[in-house]
Amino acid sequence: MYSFFNGRIIITKGDITEEKTEAIVNAANSTLMGGGGVDGAIHKKGGPQILEECKKLRKNQYPEGLPTGNAVITSAGNLKAKYVIHTVGPIFKLDPTPDESLIQCYYHSLKIARENNIKSISFPSISTGAYGFPKDRAARLVAKFLENYIKNYNTPEIIKLIFYSLDDLKIFLEKSNWKKEEV
Ligand code: AR6
């Protein structure tokens with residue numbers, strides 16, 4: 001586990017479904033009906049309540065699906081977290097502006113967290129799995145965005161980035177070039 005910016009950002013290797021932060025972010029797809037990767041793991045461990053709420057959101061707010069870069073919130077069913085914030089990352093090869101879309105995911109997820117008074121949030125590495133976003137490019141973009149974010153906003157107080165493998169975590173550490181703190 002690595003800490004940065006007076007503990008406001010934490011980077012760790014792990015399974016996001018085990019996270020105890022108030023909210024976890026789901027790398028969903030626009031159907032909000034589940035899938036593989038993080039999405040599959042969250043629905044599997046969280047149970048049917050999450051899908052029920054996603055179905056309602058589709059019906060009432062997003063009949064055509066949640067657009068790329070947007071985010072919605074549901075409860076977290078049986079997970080340790082209280083909320084799941086679902087966002088849709090860009091499909092790298094199909095999105096005309098993948099960098100902007102990826103940052104929109106982080107921006108909108110954090111906005112929903114603030115609106116719900118959420119104090120801690122965990123992100124997976126959005127779009128870097130099935131959606132094929134290059135990991136080093138995502139790391140540079142996300143690091144720059146978050147560094148700027150914490151200068152402008154005091155909440156959520158704690159932002160965790162969860163990497164599924166040590167290699168992915170190392171890429172982020174290298175590309176962010178942030179100064180590590182003692183934990
Ligand atoms: N905890 C933390 N990170 C994980 C976990 C986990 N349990 N499982 C995978 N990762 P992906 P995407 C990492 O494919 O690229 C789904 O089918 C993984 O190693 O989950 O945004 C959705 O329904 C990778 O680095 O999300 C969509 O259709 C990162 O999480 C599509 O995949 C993201 O990988 C979304 O693709």
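Counting starts at 1 for both ligands and their atoms, in listed order.
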Report yes or no: does a heavy atom of G40 sit under 4.0 Å from some atom of ligand 1? no
Here the atoms of ligand 1 under 4.0 Å from any heavy atom belonging to G35 are 17 (O), 23 (O)
I need the T87 OG1 to L32 CG distance, nearest 0.5 Å. 9.5 Å
Of all the non-hydrogen atoms in the protein, which one sits nearest to atom 21 (O) of ligand 1, and at what distance? S127 N, 2.8 Å
Around atom 28 (O) of ligand 1, find the nearest protein heavy atom and jot down its residue, atom name and distance. N29 ND2, 3.2 Å
shortest atom 31 (C) of ligand 1-to-protein heavy-atom contact is with Y131 CE1, 3.5 Å
Between the CG atom in N70 and the CD1 atom in I112, the distance rounded to the nearest 0.5 Å is 8.5 Å
Does the plane of the ring in Y153 sit parallel, tilted or perpendicular to the ring in Y149? Use 30° and 60° as the thresholds. parallel
Got an N/O contact under 3.5 Å between T128 and ligand 1? yes
Between G36 and ligand 1, is there a nitrogen or oxygen pair with a distance under 3.5 Å? yes
N60 atom CG, over 12 foreign heavy atoms within 6.0 Å: yes
Atoms in ligand 1 flagged as close to A27, the criterion being non-hydrogen separation under 4.0 Å: 21 (O), 22 (C), 26 (O), 35 (C)
Which of the atoms of ligand 1 are close to D39, meaning less than 4.0 Å from one of its heavy atoms? 22 (C), 23 (O)
Atom 33 (C) of ligand 1 - nearest protein heavy atom and its distance: S125 O, 3.3 Å
Residues Q49 and E53: side-chain donor-acceptor under 3.5 angstrom: yes
So, regarding A130 and ligand 1 (criterion: nitrogen or oxygen to nitrogen or oxygen, under 3.5 Å), is there a contact or not? yes
Identify the protein heavy atom lying closest to atom 19 (O) of ligand 1, giving its residue, its atom name and the separation to 0.1 Å. Y164 CB, 3.7 Å
Do ligand 1 and V38 have nitrogen or oxygen atoms that lie under 3.5 Å from each other? yes
Based purely on interatomic distance, does I16 place a nitrogen or oxygen under 3.5 Å from a nitrogen or oxygen of ligand 1? yes
In ligand 1, the atoms that come under 4.0 Å of a heavy atom of G14 are 1 (N), 2 (C)
Measure the acute angle between the ring planes of F172 and W178, then classify it against the limits of 30° and 60° as parallel, tilted or perpendicular. perpendicular
Taking side chain as C-beta onward, heavy atoms only, is T74 less than 4.5 Å from C54? yes
Numbered atoms of ligand 1 (with element) below 4.0 Å of D15, judged on heavy atoms: 1 (N), 6 (C), 7 (N)
What distance separates K44 NZ from D39 CG, expressed to the nearest 0.5 Å? 13.5 Å
Report the nearest protein non-hydrogen atom to atom 15 (O) of ligand 1: residue, atom name, distance rounded to 0.1 Å. G129 N, 2.8 Å
Examine the side chains of K45 and T17 and answer whether a donor and an acceptor come within less than 3.5 Å of each other. yes
Side-chain donor-acceptor pair present, T68, S101, cut-off under 3.5 Å: no
Taking distance alone, with N or O pairs closer than 3.5 Å, would you say K135 contacts ligand 1? no
In terms of heavy-atom contacts, does CD of E115 have more than 12 from other residues, nucleotides or ligands at under 6.0 Å? yes
